[in-house]
Amino acid sequence: MAHTKSGGSTKLGRDSAGRRLGVKKNHGERVLPGQIILRQRGTRYLNGDNVARGGDDTLYALKEGVVRFLSKKKTKFDGRIRSVKVITVEL
């Protein structure tokens, strides 16, 4: 007699819904206070002037203005320098 049991449901085949991460407002766009600029996991982008970071690392505007994406050099605690991307809102 065969040892294969009945062909029940597979353990594979499940997939989660997309998390809708990414840039919501681009460089040069106007934003109002509280509008989300970027949704991210971790701190790929850092918050600059007039931008705050939420509990899930979302960056949002604190004041009305224009979004600017900047690159800056940041010194780590051990003296190494890394390039970081900073998002600011200019009034």
Side-chain angles (χ1 to χ4, degrees):
M1 197 167 190
H3 292 282
T4 305
K5 297 188 179 203
S6 62
S9 63
T10 178
K11 291 182 181 178
L12 303 173
R14 287 180 299 278
D15 197 6
S16 61
R19 295 295 92 199
R20 279 77 174 173
L21 301 175
V23 177
K24 308 301 179 188
K25 298 286 183 181
N26 280 303
H27 181 87
E29 286 191 61
R30 292 199 65 76
V31 289
L32 299 173
Q35 282 189 327
I36 293 173
I37 301 169
L38 175 98
R39 284 200 175 275
Q40 62 182 349
R41 293 290 171 261
T43 53
R44 182 179 293 261
Y45 291 83
L46 300 180
N47 52 315
D49 296 336
N50 303 315
V51 175
R53 189 172 61 128
D56 62 348
D57 298 318
T58 295
L59 299 183
Y60 61 93
L62 291 175
K63 295 187 178 178
E64 183 178 351
V66 179
V67 176
R68 298 283 181 230
F69 284 72
L70 309 170
S71 289
K72 291 188 177 180
K73 300 283 186 198
K74 187 171 184 180
T75 305
K76 292 180 150 188
F77 69 93
D78 60 358
R80 290 184 298 163
I81 297 174
R82 75 172 184 131
S83 180
V84 295
K85 293 169 266 189
V86 181
I87 299 178
T88 64
V89 172
E90 295 178 356
L91 305 175

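Treat the numbers as computed from the prediction; the structure is a model and nothing was measured. What you see below is based on every heavy atom in this structure, not just the backbone, and it leaves out hydrogens, waters and symmetry mates.
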Pairwise distance CZ(R82) to NZ(K76) - rounded to 0.5 angstrom: 6.0 Å
Q40 (side chain) donor-acceptor with Y45 (main chain) under 3.5 angstrom: yes
Short N-O contact, K63 and D49, less than 4.0 angstrom: no
With a cutoff of under 4.5 Å between side-chain heavy atoms, which Ile, Leu, Val, Met, Phe, Trp and Tyr residues group with F77? none
Any salt bridge (charged side-chain N to carboxylate O under 4.0 Å, His left out) pairs touching residues 22-32, not counting sequence neighbours? R30-E64
Linking I/L/V/M/F/W/Y whenever their side-chain heavy atoms sit closer than 4.5 Å, directly or via other members, would L59 and F69 fall into one cluster? yes
So, for N26 and V67, which heavy atoms are closest and what is the spacing to 0.1 Å? O-CB, 3.6 Å
Nearest heavy atoms of A52 and N47, plus distance in Å: CA-ND2, 4.1 Å
Who passes side chain to side chain donor-acceptor pair (under 3.5 Å) against D78, sequence neighbours left out? R80
List in chain and number order the residues that pass side chain to side chain donor-acceptor pair (under 3.5 Å) with T88, two or more places apart in sequence or in another chain; answer none if no residue qualifies. none
H27 and V66: CA distance, side-chain angles, deciding distance, side-chain contact (heavy atoms from CB on, under 4.5 Å) verdict: CA-CA 8 Å; H27 181 87; V66 179; over 6 Å; no
Would you find a donor on one side and an acceptor on the other, under 3.5 Å apart, between the side chain of R44 and the backbone of G42? no
Between CG of N50 and CZ of R68, what distance do you get to the nearest 0.5 Å? 13.0 Å
To the closest 0.5 Å, what do you measure between OG (S83) and NZ (K73)? 4.5 Å
Can you confirm whether K72 sits close enough to L46 that some side-chain heavy atom of one is under 4.5 Å from a side-chain heavy atom of the other? no
Taking side chain to side chain donor-acceptor pair (under 3.5 Å) as the definition, give me every residue that meets it alongside D57, ordered by chain and number, with sequence neighbours left out. R53
Distance (rounded to the nearest 0.5 Å) between T58 OG1 and L38 CG: 7.5 Å
Residues joined to L62 in its hydrophobic cluster, side chain to side chain under 4.5 Å directly or through other members, sorted by chain and number, are Y60
